[in-house]
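Down below is the structure, laid out as structure tokens.
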Amino acid sequence: MVVALHAVRSLPESAEVTISLVTVEAIEAGIDGIDPRPLKGAGFEGKADQVHIWPEGARSRALVGLGSESEIDHRSFRRAGAVLARACSRYGRVGVELPAGGSATTGVRQALAEGVVLGGYSFSALKSNPTKPELRRVDVAGSAGVGAGNELKRGMAIATGQCLARDLVNEPGGSLTAPALADRAAEIGREAGLGVKVWTEAEIARQKLGGLLGVNRGSTNPARFVELTYRPEGEATAMLALVGKGVTFDAGGLNIKTAAGMLAMKMDMSGAAAVIGAMSVIGGLALTVEVRAFLPMTDNMLGGDATRPGDVLTIRNGKTIEVVNTDAEGRLILADALSLASEAKPDAIVDLATLTGACMVALGPRIAGLMGNDEAWIAQIQAAATAAGERVWPLPLPGDYESQFESDVADMKNLGGAHGGALTAALILKQFVADGIAWAHLDIAGPAFSDAVDGEMVKGGTGFGVRTLVELAAGFTRPS
């Protein structure tokens, strides 16, 4: 969706629809100039996700519900933006009036802009005759000052980065192979003014990324490793490392998935997609911190020389892993990436991965699991996620669970016991983070892909994590 949002002092007559964002209380009290009877007949009460449009002369009028005043936050405006984008997709230009007092609240316009862009998103690149929304411009009434305009611009930029991640996730694994994803990441990085480094299979072997090579062994398509770097103009105040799992399609390897289990496995690179989307935004924010992204890329297939259960892989940092299940491959490629990230000596690392179904069992399809080795760093990530409107929940990393992946022939196995799979997977990742570096892991297996429309979420890839990473980088402080 190509839509621009503009801050205006008052709505222009050229707007085809005038939209008011309203609360439940406003509808109960009555709105001047609006007959309440049609609203009552349509069941419109100002609740979240409700919308009512009617003709009013040459133009149309619309109300979009925000919900009850006591429950309104930035997510309410983001959700309302998504609702109005879908409801008004047949119009070219619309105007939006914020509720009384709402225009003065910091961040409201950014959330609204994010919602409009994200709610109007659709992946139609592979359709022969796609239906394209007509909406091109949204004017937001209220203060037309620089601050209001900048909020809208920031919201559009972040949402565009999230839509970029969605595009990557939604593309089939047969076309978005590891080399193709690496090429796209490099192109996006250069456009954003980032430093770009791409390792081909030969360089990956020279750099001793045994986990990545082991997972890639069953594939016809070679692996790639991509590093994107944002450096501030002056001396960096700190360094943040982002790591994203880039399994472009996960068939499970020789421990093959079921047919149903493979259907959405083009989304197994959602962690890498989120990092790429976030880096595309970070490049334009003039931050004072250095941000480096480490992205291992491969698919997990069943070729004639695929890694066998029982094989032992040597990771970049020299530790060995016995592969007892080839479908637990994400931790193998992340082990190499975390080892490399540690060598850069960042102040903190966060990795994103669609890592375990166990996390979905624990937290459902809308909440990511958050684990790590530093409470201050975990709290900083949770605060960033809350500010960005993405839901995460801390899970423990009990040290005694490490015994579950002890191996008789290697330093560890790549799988723990029958229960607590999200925790043991994160504990395995922890083995590849150097001592003294704050690290956190986001298991985004649930919220990375959606089978239903829900607020700014749409079906397919969601781009979950982009907003959190941008917020995190923008406000990053060294964990104490």
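Numbers here are sequence positions counted from 1.
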What pairs of residues pass the side chain to side chain donor-acceptor pair (under 3.5 Å) test when at least one of them lies in residues 273-284, not counting sequence neighbours?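 Checked against side chain to side chain donor-acceptor pair (under 3.5 Å) - neighbours excluded - no pair reaches residues 273-284.
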Might you point out which heavy atoms bring L469 and L242 nearest each other, and give the distance in Å?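 It is CD2-CD2, 4.0 Å.
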Whether over 12 other heavy atoms sit under 6.0 Å from K257 NZ: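 For K257, atom NZ is crowded (more than 12 foreign heavy atoms under 6.0 Å).
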Counting only heavy atoms not in K208, do more than 12 fall under 6.0 Å of its NZ?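 No.
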Could you list the residues that satisfy side chain to side chain contact (heavy atoms under 4.5 Å, CB included) with A178, not counting sequence neighbours? M297
What donor-acceptor contacts under 3.5 angstrom involve side-chain atoms of residues 233-240, with partners at least two apart or in another chain?
unit_1, atom_1, unit_2, atom_2, d
T237, OG1, T288, O, 3.3
T237, OG1, T288, OG1, 3.3

Flag the pair F476 / W377 as yes when their ring centroid distance falls below 6.0 Å, and as no otherwise. yes
Would you list the pairs meeting salt bridge (charged side-chain N to carboxylate O under 4.0 Å, His left out) in which at least one residue belongs to residues 272-293, sequence neighbours left out? E227-R292, R231-E290
For T462, the side-chain hydrogen bond (donor to acceptor under 3.5 Å, both in side chains) test, sequence neighbours excluded, returns none
Is the backbone N or O of L313 less than 3.5 Å from a side-chain atom of T320, with the two atoms forming a donor-acceptor pair by type?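 No.
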Quick check: does any side chain N or O of T356 sit under 3.5 Å from a backbone N or O of G421, one acting as donor and the other as acceptor?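 Side chain of T356 to backbone of G421: no pair is present.
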Decide whether T354 and D268 meet the rule of one side-chain donor and one side-chain acceptor closer than 3.5 Å.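 Note: T354 and D268 side chains meet the donor-acceptor criterion.
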Under the rule for salt bridge (charged side-chain N to carboxylate O under 4.0 Å, His left out), what residues qualify as partners of D351, not counting sequence neighbours?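 Applying salt bridge (charged side-chain N to carboxylate O under 4.0 Å, His left out) to D351 gives none.
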Is R79 salt-bridged to D454, cutoff N-O under 4.0 Å? yes
When rounded to the nearest 0.5 angstrom, what distance separates CD in E329 from CG in L334? 9.0 Å
Scan L395, L442, L423 and name whichever one has a side-chain contact (heavy atoms from CB on, under 4.5 Å) with C359.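 Option passing the side-chain contact (heavy atoms from CB on, under 4.5 Å) with C359: L395.
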Cation-pi check, R166 to Y121: give yes when NZ or CZ is under 6.0 Å from the six-membered ring centre and within 45° of the ring axis, no otherwise. yes
